[in-house]
Protein chains: 2
Amino acid sequence: MKIQLQEPLSKECIQQLRAIKDTMELLSGKWKIQIIGTLLRGGTMRFMELKRTLNGIAPKKLSNDLQELELNKLITRTVKDTKPITVEYSLTKHGKTLDNLIVEIIDWGLNHRKEIIQK
Amino acid sequence: MKIQLQEPLSKECIQQLRAIKDTMELLSGKWKIQIIGTLLRGGTMRFMELKRTLNGIAPKKLSNDLQELELNKLITRTVKDTKPITVEYSLTKHGKTLDNLIVEIIDWGLNHRKEIIQK
DNA sequence: TTTAATAGTTTCCTAAAGGAAATTAGTATC
DNA sequence: GATACTAATTTCCTTTAGGAAACTATTAAA
C-alpha cells in the first residue's frame, strides 16, 4: 500500500484557479455573453433595443444581468433626460477587453461542433 | 413615434451565438474547467487523484462531470486490470485544444481582479 | 381618454445544479 | 474476520437560475 502525500498547491496555482472562478462566475449563465457580444457589435444601445436583439430574454433577466455587469464595471448605464426617459448602455474600456476571450469562445465552439458531429 | 424594424440576424451571427452556447454549456459549472485544467497539468490521472487535487468535490459530481466530458470527447476513460481496480482519465487531442481558451480565461480573470479591487 | 412607448419591478413558479452521507462491490492487508 | 482502498452510485436535500405574467409610473400621440 502506498500512501500518497499531497503537496499543497502552489500559490500560483491557487491564483489561477481563483482567476478561472472569477471569470466563469461573471460569464456563466444563458445571457451575459450574449449581452456583451451584442454591445461589442452595436456600440451604445438602449434597454428595449437590447431586449429586441436578444430575442427571448425576459425584462427581469435583462435588468438583473445589466446590474451585475455594471457592478463589475463591464458596462455603463446612462439615463438620458429625454421625453420618454431613455437609458443607454455601453461597454467600458474594461468590458471591451472581453473581445479576445469571446472570439476564442466562438472559435472553439465552431470547431467543437465539427469535431462532435462528423466523426 | 418611430417604428424600428428589426433586420433578422445574419446566418453568421446565428452560428456565432450557437458557438457561444455550445462552448459555455460545456464549460459552465463549478468544476469542469478545473477538471480540464488539472488534467492539462497532470497528464493521466486516476479518480482518487483527481478527487484529492480538486479539493472539495463530491464523488458524485466528479463522476457525473467526467461522464459528460467523455461524452463530448474531451477526455478518455481507461479501466486498468489491476488488483484494486484503477481507472485512468486523460485529455483527448480535442480536449487539449482547450488550452488556449483556458489561458485566456485565467489571464482575463487575473486582470479583472486588479481592475475591480484597486480602483 | 384610450393607447402605446419608455424602463423597469414584483410575484410566482419550475428546473437544474450541486452538496452530504450512505451504500455497493471487488480485492487485499492485518 | 475486520478494516481499508478502489471507483463509483443512490438517495435526499437545499440553493440558484431562469421564465411568465402582471404591474408601476411617466410621457406623448391619436
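To find a chain, count down the sequence lines: A is the first, B the second, and so on, and within it residues start at 1. Because the structure is a prediction, the values reported are computed rather than measured.
- For the pair A/Gln34 CD and D/dA17 C1', the interatomic distance rounds to 15 Å; values are reported in whole Å.
- When rounded to the nearest whole Å, the span between CZ of B/Arg46 and P of D/dT6 equals 6 Å.
- Between C/dT9 and A/Gln67, a contact under 4.0 Å exists linking OP1 or OP2 to a side-chain N or O.
- Computed from coordinates, the A/Phe47 CZ to D/dA25 C1' distance equals 15 Å when rounded to whole Å.
- Each of A/Asn64 and A/Ile85 was assigned the nucleotide of DNA chain C with the nearest heavy atom; the assignment lying further toward the 5' end belongs to A/Ile85.
- Within the structure, every side-chain polar atom (N or O) of B/Thr86 is placed at least 4.0 Å from both OP1 and OP2 of D/dT6.
- Scanning for salt bridge (Lys or Arg N to Asp or Glu O under 4.0 Å) contacts around A/Lys61 gives A/Asp65, with sequence neighbours left out.
- Among the candidates A/Thr97, A/Thr23, A/Asp22, the single residue satisfying the side-chain hydrogen bond (donor to acceptor under 3.5 Å, both in side chains) test with B/Trp108 is A/Thr97.
- With hydrogens and angles disregarded, a donor-acceptor distance shorter than 3.5 Å links the side chain of B/Ser28 to the backbone of B/Met24.
- In this structure, A/Thr44 contributes its side chain and A/Tyr89 its backbone to no donor-acceptor pair below 3.5 Å.
- Note: CZ (B/Arg52) to P (D/dA8) measures 14 Å, nearest angstrom.
- Nearest heavy-atom pair across B/Asn55 and B/Trp31 is O-CH2, 3.7 Å.
- When the P atom of C/dG8 is taken as reference, atom CG of A/Leu62 falls 8 Å away, rounded to whole Å.
- The interatomic distance linking B/Leu66 (CG) with C/dG18 (C1') rounds to 15 Å, in whole Å.
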Report each atom pair, protein N/O against N/O of nucleotides 18-21 of chain D, whose distance is under 3.5 angstrom.
unit_1 : atom_1 : unit_2  : atom_2 : d
D/dG18 : OP1    : A/Lys30 : N      : 2.8
D/dG18 : OP2    : A/Lys61 : NZ     : 2.9
D/dG19 : OP1    : A/Lys30 : NZ     : 2.7
D/dG19 : OP2    : A/Trp31 : NE1    : 3.1
D/dG19 : O6     : A/Lys60 : NZ     : 2.5

(request) Let me see the working for B/Leu74 and B/Leu26 under side-chain contact (heavy atoms from CB on, under 4.5 Å), right down to the final yes or no. (result) CA-CA 10 Å; B/Leu74 299 181; B/Leu26 238 162; 3.5 Å; yes
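- Per the geometry, CE belonging to A/Met24 stands 14 Å off C1' belonging to C/dA17, to the nearest Å.
- The phosphate of C/dG8 (OP1 or OP2) has a side-chain N or O of A/Arg77 nearer than 4.0 angstrom.
- Atom CD of B/Glu68 and atom P of C/dA16 are 13 Å apart (whole Å).
- Nucleic acid contact class of B/Glu88 (heavy atoms, under 4.0 Å, all strands): none.
- Scanning all heavy atoms of the two residues, the minimum distance from A/Val87 to A/Arg77 falls at CG1-CG, 3.7 Å.
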